[in-house]
Amino acid sequence: MNDEKDLHEKIKEKILEEQKELGLWKQIKEDFTVPKLNDPALDSSFELFFNYPGVWAIINHRIANKLYNKGWIKLARALVGISSLFTKTDIHPAATIGRRVFIDHAIGVVIGATAIIEDDVLIYQGVTLGGVSLDKGKRHPTIRANSVIGSGAKVLGNITIGKNGKIGANSVVICDVPKNSTAVGVPAKVIKRDDKNGRLNHSDLPDINKEMFEYLLKRVALLEHAVKDHDGIDLANEDHDLECIYKKFISAMNSIEK
């Protein structure tokens, strides 16, 4: 546990040291360039001022975090409160956020006080980096560099998403995710490991619920046929109705496949 705590502290110290060397205004200037790398819908720099609340949420946090770390806690909290009204995000001023972090669309994003986000992380709308404990100390996630957190995902507790980690949309993550891995589901399970190829492809994630339902339906069908063969019970009419329902269900599931 101490080693893990030391790792989080080292990551935080490294981010803060880089921020100090770079300077606040250079950071803000860099933040304005990030959407060009992550959003193909951006047509002009003019749009950054009116259509990218995620950029403003990060910039406002940069200022609030600087004030918070200098002891101006009430002023920092006030700035974050005003920012949340306009950007519809809630980022605690104590949260540590590295360089070139991009929050796409941003609406509904919540980032807790002890969260740590390394460089080049992409976060989609509706994401929560939250806590599951009321204890003091580190209680929010650490997101390592080059990770992608899909829309609506909830990453909860003092856990770590490893470098190049990918979290599927609407997943609930309560355990560590290794580096170069993809996790999906509720609760999230790692479905890909040592995958270093590109960004998270939301259209290439397995439907775990569909696979489980299909297995259960086939298993029930086998059991019914076994009972009928063993006891000689005539379930012809019921079998026909159930088979129709089963085929409709499978057809509906297959219709959403890519």
Side-chain angles (χ1 to χ4, degrees), residues 8-39 42 44-131 138-149 151 153 155 160-161 163 165:
H8 292 310
E9 286 299 322
K10 287 179 180 178
I11 294 171
K12 181 175 180 179
E13 289 173 4
K14 180 183 177 183
I15 293 173
L16 293 177
E17 186 63 30
E18 287 180 349
Q19 290 177 346
K20 185 177 179 180
E21 291 179 2
L22 184 65
L24 178 61
W25 300 116
K26 286 186 177 180
Q27 266 190 296
I28 291 175
K29 183 178 180 181
E30 185 178 60
D31 288 329
F32 275 119
T33 67
V34 174
K36 296 177 182 179
L37 304 175
N38 291 278
D39 191 355
L42 178 63
S44 68
S45 298
F46 176 80
E47 296 177 12
L48 290 173
F49 292 92
F50 300 101
N51 302 110
Y52 285 82
V55 174
W56 287 107
I58 291 292
I59 290 173
N60 292 336
H61 172 267
R62 302 277 190 216
I63 301 171
N65 182 250
K66 184 75 70 175
L67 293 171
Y68 192 94
N69 290 335
K70 288 183 177 295
W72 296 81
I73 295 177
K74 290 184 178 179
L75 182 58
R77 295 286 276 176
L79 176 59
V80 166
I82 295 171
S83 175
S84 67
L85 291 175
F86 291 97
T87 64
K88 300 300 185 290
T89 67
D90 183 6
I91 307 177
H92 195 284
T96 303
I97 299 180
R99 299 174 61 182
R100 297 178 299 276
V101 173
F102 182 51
I103 307 178
D104 196 5
H105 293 288
I107 307 301
V109 169
V110 177
I111 300 175
T114 62
I116 301 173
I117 305 173
E118 277 194 315
D119 301 343
D120 302 297
V121 171
L122 175 59
I123 299 173
Y124 287 94
Q125 70 274 14
V127 165
T128 297
L129 305 182
K138 185 74 165 64
R139 61 188 186 278
H140 297 99
T142 295
I143 314 298
R144 301 299 305 272
N146 297 299
S147 293
V148 181
I149 314 296
S151 59
V155 186
T160 301
I161 308 301
K163 291 183 178 181

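For the pair H92/V80, no side-chain contact is recorded, criterion being any heavy-atom separation below 4.5 Å from C-beta on. Side-chain contact between W56 and T89 is absent, with no heavy atoms from C-beta onward closer than 4.5 Å. Put simply, the side chain of I58 reaches to within 4.5 Å of the side chain of I103, judged on heavy atoms. Looking only at side-chain heavy atoms (C-beta outward), L22 and Q19 stay at 4.5 Å or farther from each other.
Shown are V121, I91, I15; of these, the side chain to side chain contact (heavy atoms under 4.5 Å, CB included) with I97 is made only by I91. Tested against I123 for a side chain to side chain contact (heavy atoms under 4.5 Å, CB included), the candidates V155, D104, I117, I143 yield a single pass: I117.
Judged purely by atom type and a 3.5 angstrom limit, T114 has no side-chain atom pairing as donor or acceptor with the backbone of K138. Between the E118 side chain and the R144 main chain, no donor and acceptor come within less than 3.5 Å of each other. Side-chain N or O atoms of H61 include one that pairs as donor or acceptor with a backbone N or O of A95 at under 3.5 Å. Proximity of a side-chain donor or acceptor of R139 to a complementary backbone N or O of A113 within less than 3.5 Å is not detected.
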Subject >> Pair K163-N146, side-chain contact (heavy atoms from CB on, under 4.5 Å): steps then yes or no >> reply: CA-CA 6 Å; K163 291 183 178 181; N146 297 299; 5.9 Å; no
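Taking NZ of K66 as the reference point, atom NZ of K20 lies at 9.0 Å (rounded to 0.5 Å). Separation of atoms NZ (K10) and CD (E17) is listed at 15.0 Å; rounding is to 0.5 Å. Rounding to the nearest 0.5 angstrom, the gap separating the CD atom in E18 from the CD atom in Q27 is 9.5 Å.
Looking at every heavy atom in both residues, E47 comes nearest to Y52 through O-CD1, 3.5 Å. In terms of heavy atoms, F102 sits closest to P35 at CE1-CG, 3.8 Å. The minimum heavy-atom distance between A64 and L79, with the atom names listed, is N-CD2, 3.7 Å. Taking every heavy atom of both residues into account, D31 and R100 meet most closely at OD1-N, 4.4 Å. Nearest heavy atom pair, residue A57 against residue S83, reads CA-OG, 4.3 Å.
A 6.0 Å sphere centred on NZ of K14 holds no more than 12 heavy atoms belonging to other residues, nucleotides or ligands.
A salt bridge links E30 and R99; the closest N-O separation between the charged side-chain nitrogens and carboxylate oxygens is under 4.0 Å.
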